[in-house]
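We name chains A, B, ... by the order of the sequence lines, and we start the count at 1 in each one.
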Amino acid sequence: MNPKRCAACRYLRRRCPKDCVFSPYFPPNNPEKFACVHRIYGAGNVSKMLQQLPVQTRAEAVESLCFEATCRIEDPVYGCVGMISLLQTQIQKTKNLLARTQAEITVAQIKHSQNQHSEFM
Amino acid sequence: MGGPGSSPCASCKLLRRRCAKDCVFAPYFPPDDPHKFAIVHKVFGASNVSKMLQELPVHQRADAVNSLVFEANARARDPVYGCVGAISFLQNQVSQLQMQLAVAQTEILCIQMQHETTLQSHHQVLELDQDDKALLPHSSNNNINNCNNSYNLGYAMSSGQLMSNFASPSSIMQMQMQDPLKQESLWT
């Protein structure tokens, strides 16, 4: 077998052609990357997705697929949607705290100007 | 549920097969919403979805399906980044809000310091005679200047933090994964 097969073709036990759609993004030294993506999406779906993209965007697409697949393996119920939920909660809490702080600023400014006004009286 | 006489679920309709009584998809892909299964099948594939659902306890499968549909829709909208694009956007929003919060907290500290300084000056004036007033140092002005300096420093630090925290999808994908908040649900 060709030792220079990409991780995908090694995993799928097939010959790695010169124009293999996976080989630029799944080097043979990182077999877990393809295993993870294949487990969640399937090689056929990944191949279809990559072929529908311009070449210059495929590397980023592969990385995002790996990220989402890893999230899904670690959290089979929510996947990376759990992270989105967490961030939305954090945003809401920070907004509430910001609104409270801005209200405190307004109150403090009013108090301060009232004190200054009473000094001049 | 599928079975003789009843309408096949959306999955079995799309896959053109008989919808069994114990079809794993039927509770979650009703026949009146064919798009839901179509998009999940397009991104993940029916057999992968079936495997994933079968590995989960029944009471968690509805949430799992909803999250898969969400991810599949995100991937259809953004074929390069999918959900990672949304995560990146939200992280940037968090950074910006945290910066605004830091500025607001610095401002309130400033106001409190000004207030205390004013009170102190007021008490000192009351304790002194008329003649001693001319000898007072301009301590209240110095405190206000120091307060403004710390305000600017806080703002600059926050801006620096914002730049280093500015999350691109690429940096999201390199970061360590943290445990997501499982209890929160986007669709409840």
Quiz item: With a 4.5 Å heavy-atom cut-off, do B/Leu68 and A/Arg72 have their side chains touching?
Solution: yes
Quiz item: Between A/Phe22 and A/Phe26, how do the two ring planes meet: parallel, tilted or perpendicular, split at 30° and 60°?
Solution: perpendicular
Quiz item: Taking atom types as modelled and ignoring hydrogens, do the side chains of B/Asn48 and A/Tyr41 form a donor-acceptor contact shorter than 3.5 angstrom?
Solution: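 Checked: B/Asn48/A/Tyr41 side chains show no N/O donor-acceptor pair below 3.5 Å.
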Practice problem: May I ask you to name which of B/Ser47, B/Cys83, B/Gly45 has the most heavy-atom pairs under 4.5 Å with chain A? | Solution: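 Looking at each of B/Ser47, B/Cys83, B/Gly45 in turn, B/Cys83 comes out on top.
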Quiz prompt | Contact leader toward chain A among B/Arg61, B/Arg75, B/Glu55, B/Lys42, where contacts are heavy-atom pairs under 4.5 Å | solution =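 Among the listed options, the one with the most contacts to chain A is B/Arg75.
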Self-check item: Side chain / backbone / both / neither for B/Leu90 at chain A, heavy atoms under 4.5 Å
Solution: both
Self-check item: Region of B/Ala104 that comes under 4.5 Å of a non-hydrogen atom in chain A
Solution: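 Both parts, heavy atoms under 4.5 Å.
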Quiz prompt | Criterion side-chain hydrogen bond (donor to acceptor under 3.5 Å, both in side chains) on A/Gln92 and A/Asn96, from CA distance to verdict | solution = CA-CA 6 Å; A/Gln92 197 50 55; A/Asn96 291 344; 3.3 Å; yes
Quiz item: Should A/Val107 and A/Leu97 be regarded as members of a common hydrophobic cluster, given that ILVMFWY residues are connected when their side-chain heavy atoms come within less than 4.5 Å of each other, either directly or indirectly?
Solution: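 No, separate clusters.
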Exercise. Flag the one option from A/Cys80, A/Ala108, A/Gly42 with the top tally of heavy-atom pairs under 4.5 Å to chain B.
Key: A/Cys80
